[in-house]
Enquirer: 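Handing you this structure, nothing more for now.
All values derive from a computational prediction rather than experimental measurement.
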2 protein chains.
Amino acid sequence: MTAETCAIDRDDPLGALLLKLRARDLVSDEEEQVLRESIAEIRELPAGKPIVRAGTILSESTLLLDGLVCRYMDMADGQRQIMEIHVAGDFLDLHGFLLKRIDHNVGAMTPVRFALVPHDRLRRITEEYPHLTRILWFSTLLDAAMHREKILSIGRRSAVARIAHLLCELYVRLKLVGLAGDCRYALPLKQVDLADATGLTSVHVNRMLRKLRNDEVVTFRGGEVLIHDWERLQRLAEFHETYLHLERRPR
Amino acid sequence: MTAETCAIDRDDPLGALLLKLRARDLVSDEEEQVLRESIAEIRELPAGKPIVRAGTILSESTLLLDGLVCRYMDMADGQRQIMEIHVAGDFLDLHGFLLKRIDHNVGAMTPVRFALVPHDRLRRITEEYPHLTRILWFSTLLDAAMHREKILSIGRRSAVARIAHLLCELYVRLKLVGLAGDCRYALPLKQVDLADATGLTSVHVNRMLRKLRNDEVVTFRGGEVLIHDWERLQRLAEFHETYLHLERRPR
DNA sequence: CGTCTAATTGAACGAGATCAAGACAAGTGG
DNA sequence: CCACTTGTCTTGATCTCGTTCAATTAGACG
């Protein structure tokens, strides 16, 4: 989260979001302006803090500007499952705009900075800017698409492949917003986090990471990911970026 | 799929959809009319037929009127994972409206009847009916919420609990559209289907079903589900219907 | 230099997979 | 009406991937 973060303009709260959206469709200057004006406030939070707790009724959504955030659910016995890891430019709780009562927890995995977007401004967008509405809707469909891929991962991929897949996805998503270098990116997470995100135990994640490292496919260490063999990593994970819908077309 | 199906008006293609939507928000007569006019055609398909293949670019979405449909993805080695099972009243590929290129397969699990809704009519809705747009958007967010619950299921629940959870969810969803009786409903699926939907093998599903039957919690046999102890079934599955967002509130 | 938290490694265990063989029901053709 | 498919369900035996339990090491930090 240091050097690379500077690749996007840290002073423009819309920077990453626009990179993400414009990879999928055109966003006019007017629409950009509307988005800009929808931000009411910018906040920061240290790592580990909950942002939204399940069951809460939301009246504003959050746009992640910096850091990593996850959506997760806990079982009664304490087991945790991470549904999605969010990176800068992701609209965290756009789901909350219409679901109102949020069904999962959202927490900061690193120190984060995010913008607050009140629901009434989103509602205004749905009333006056149909195309922008479709773009925002689309971005929630992207979340759903990633959810589906995760279901496939956890349901049918082996432990190594699941981890490999997660590292592939984050690489592509971070690169899109300028937060990944050439076959490397900062990922300041713990092995437990990867475990919670892949439906494994941290012990097993540790062993599989060692395997990936020994096989010279990818190294995750000290909060950094180094991809040694991108082709092999993708093949191992059966990673095909189609589900990320990186085609620019009218939505 | 026989007696119960008559509970809703089979002649009204919007019957189930409206039941589903009106459980979550008000739908005005005008909006109902707009939805009705968005249907271009009604089709039927026998069991086992693919409806949409991954990678296809769609120009119309489908509203399921009758039968069971699933969204699934296959691994290279032939393993299948079902992401979601759809029941009457579900908008199958509303996701395709904005994603355009669909990232997963959609297939008929039983003989089905569905309505085709061209994308240009959906687009018109986003331009002229903001509230109806939000309702449709909301319904895709429901899919995402179910996806998240499935991630939790496959990632952290035991085999019995996963099956129990699936049977709970289908009970509630079918009941909502009048397709489930009192602690019983028709579910004309094979054990392999349940396996593909829970990330298990059919052999193991078979054993777990026997366990559920022996423990007198629930019986799945001959395409029918009989819930003997709804309380215990929910407890076993850690099923909490909150994620189905069954609250009527302005969206 | 002690204290915490995270990473690492080993050994034993177990849930679920895999392999293989029957049982059963519903056709289907002779 | 019976022999013969065919597909699904069922059950047993064995194996394996990932878990669990437990102990050790390594880093970071005051």
Enquirer: Using 0.5 Å steps for rounding, measure from the CG atom of D229(A) to the CD atom of E216(A).
Expert: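 Rounded to the nearest 0.5 Å, the CG-CD separation comes out at 9.5 Å.
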
Enquirer: Tell me if the NZ atom of K175(B) is crowded by more than 12 foreign heavy atoms within 6.0 Å.
Expert: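 Result for NZ/K175(B): enclosed.
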
Enquirer: Can you tell me the distance, in whole Å, between the CD1 atom of I163(A) and the P atom of dC17(D)?
Expert: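 Roughly 15 Å, once rounded to whole Å.
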
Enquirer: Going by atom types only, do H95(B) and R71(B) share a side-chain donor-acceptor pair under 3.5 Å?
Expert: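 Yes, R71(B) and H95(B) have a side-chain donor paired with an acceptor closer than 3.5 Å.
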
Enquirer: Take the protein atom CD of Q79(B) and the nucleotide atom P of dC17(D), then report the distance between them rounded to whole Å.
Expert: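 That distance rounds to 13 Å.
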
Enquirer: Could you run down nucleotides 8-16 of chain C 5' to 3' and tag each one B, S or - for protein heavy-atom contact under 4.0 Å?
Expert: BBBB----B

Enquirer: Regarding E224(B) and R184(B), does a basic nitrogen lie under 4.0 Å from an acidic carboxylate oxygen?
Expert: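 Here E224(B) pairs with R184(B) in a salt bridge, since their nearest N and O are under 4.0 Å apart.
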
Enquirer: Are D196(B) and R156(A) within salt-bridge range, i.e. N to O under 4.0 Å?
Expert: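 Looking at D196(B) and R156(A), the cut-off is met.
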
Enquirer: In whole angstroms, how far is the C1' atom of dC9(D) from the CG atom of L212(B)?
Expert: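 Answer to the nearest Å: 16 Å.
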
Enquirer: Are there over 12 heavy-atom neighbours, none belonging to D182(A), within less than 6.0 Å of that residue's CG?
Expert: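 Counting neighbours around CG of D182(A), 12 or fewer heavy atoms of other residues, nucleotides or ligands fall under 6.0 Å, so no.
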
Enquirer: Distance check needed: dT19(D) C1' versus D77(A) CG, whole Å only.
Expert: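 Those two atoms, CG and C1', are 13 Å apart.
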
Enquirer: Could you tell me whether the side chains of E149(A) and H165(A) share a donor-acceptor contact shorter than 3.5 Å?
Expert: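 E149(A) vs H165(A): donor-acceptor pair found between side chains.
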
Enquirer: Do R173(B) and E169(B) sit within salt-bridge range, that is, some charged N less than 4.0 Å from a carboxylate O?
Expert: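 Salt bridge between R173(B) and E169(B), a charged N being under 4.0 Å from a carboxylate O: yes.
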
Enquirer: How many Å lie between CG on L194(B) and C1' on dT8(D), as a whole number?
Expert: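 In whole Å, dT8(D) C1' lies 13 Å from L194(B) CG.
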
Enquirer: Could you give the angle between the helix axes at the two ends of the helix from dC1(C)-dG30(D) to dA21(C)-dT10(D), with five pairs per end, rounded to 10 degrees?
Expert: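 One end axis against the other gives 40°.
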
